[in-house]
Number of protein chains: 2
Amino acid sequence: MARKPANLEPGKIRETVLAAALHLFAMRGYFNTSVPEIARAAQVSVGSIYHHFKDKEDVARALYYGLMDGLQGELAVIAERHESAHDRCRAIMAMLFQLTENNREAMEFMLHAKHREFLPDDPPVCSSRPFATMRAFVEAGMDRGEVRRADPMVATASLFGGAIRLITARLDGALDTPLPGLLDACWECGWRGIAA
Amino acid sequence: MARKPANLEPGKIRETVLAAALHLFAMRGYFNTSVPEIARAAQVSVGSIYHHFKDKEDVARALYYGLMDGLQGELAVIAERHESAHDRCRAIMAMLFQLTENNREAMEFMLHAKHREFLPDDPPVCSSRPFATMRAFVEAGMDRGEVRRADPMVATASLFGGAIRLITARLDGALDTPLPGLLDACWECGWRGIAA
DNA sequence: GTCTATATCATGATAGAC
DNA sequence: GTCTATCATGATATAGAC
């Protein structure tokens, strides 16, 4: 029944499948993407996908957590490079804008995955590690006197909320300007809002 | 084959179905809700649903535009009651917070409907009438000298972005505080960010 | 206009050869 | 570990009685 052993590299298929899945999920949506379609796009058989992943949801989950880990890594780098809350948070905003332009599919998937009815009982975005890290940066800024004392949740949401809305607008095609060109203006508004 | 004529009131079924659909969509998601389930919840037959709506997507669409119209109506009232951009926008933020607490299902559905893979080729939220109206209020504020001159999209996103993030967090269960209690703090941040 | 019953179809997941 | 072929399920949408 089989045809190609095709054992190219170990763990290679996993990555190939995830990349194909991300592309299809971003383009047509999770529910409008079938497993055979992923298999075709990844040039892999359906059986192989079910060998590497428990089910379709598991593919989405692996994708989600992989991307979140990547983001968390970026935040760690930023934390090392910058000291003040101001510099750290500005770097984060710049990074998010850049990521949106460079890998819109990843951004699209991360932003909306939780609201898309798969991954039923997983912690929501706002309690995800990346968001918690951002909040920690803002709180540190309060301790350092850079940021006005306030509810950390409110302050963090206010600082980054505008940027996230712009990212959403950009992904929806409601915004023609590349985001990095709006960074200065967006940062200005966000920071003014919470600065001490 | 039929059993109950049950013709209670004209146009009554439509509303009943929409209410049931909203409830189920918000709870289990659009794709995890079947038409028979909607029928059962609405105490109506499947055939009746297909008589009143073209298909399942049409139910979602009717729901979406109905809710958007309601929101637009609220904005119109606010525009009449208040003159300045400051007062108008603050009233909007308060109204959004209130709506989230009073009718979280509606808010949930409006916020995420566009990102949920149905309603494929409809204008995205950011170009929706309500959002455009909010932008218009902000622009008017610029003309009046209340709001710092800036890209209207950026300013509007910054002003309301924090509130929207809090709403999302609240809907995700990541926030225990009722939103109205955070209004002052959230408004303070948003307005500071864009005030002249 | 409303109902029940059913046709049609696509999907997720599995079985089993190689 | 990878493949092909198939099953079983459950959905959408329709047909047709009343």
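The chains referred to below are lettered A, B, ... by the order of the sequence lines, with proteins before strands, and numbering in each begins at 1.
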Problem - Closest approach of B:A106 to B:L67 (non-hydrogen atoms, all atoms of both residues) - result: CB-CD2, 3.8 Å
Exercise for the section: Find the distance B:H52:NE2 to C:dC3:C1' and express it as a whole number of Å. Expected result: 12 Å
Practice task
For B:I13 and C:dC3, give me the distance from atom CD1 to atom C1', rounded to whole Å.
Solution key: 10 Å
Fill in the blank from the handout: To the nearest angstrom, the CZ-C1' distance between B:R40 and C:dT4 comes to 14 Å
Handout entry: Shortest side-chain distance from A:P36, nucleotide among C:dT2, D:dT2, C:dG12
Key = C:dG12
Problem - side-chain N/O A:S48 vs D:dC3 OP1/OP2, d < 4.0 Å - result: yes
Problem - Rounded interatomic separation in angstrom, taking NZ from B:K12 and P from C:dG1 - result: 16 Å
Handout entry: Nearest-neighbour nucleotide for the B:Y50 side chain, D:dA11, C:dG12, D:dT14 considered
Key = D:dT14
Exercise for the section: Choose from C:dG1, D:dA11, C:dA13 the nucleotide whose nearest atom is closest to any side-chain atom of B:S34. Expected result: D:dA11
Exercise for the section: In whole angstrom, give the distance that lies between atom OH of A:Y30 and atom P of C:dA10. Expected result: 20 Å
Exercise for the section: Rounded off to whole Å, could you give me the NZ-to-P distance for the A:K54 and C:dG12 pair? Expected result: 14 Å
Exercise for the section: Report which part of the nucleic acid A:S45 touches: base, sugar-phosphate, or nothing (heavy-atom distance under 4.0 Å, all strands). Expected result: base
Problem - Electrostatic pair B:D151-B:R135, nearest N-O below 4.0 angstrom - result: no
Handout entry: From C:dT14, C:dT2, D:dA13, nucleotide with atom closest to A:V46 side chain
Key = C:dT14
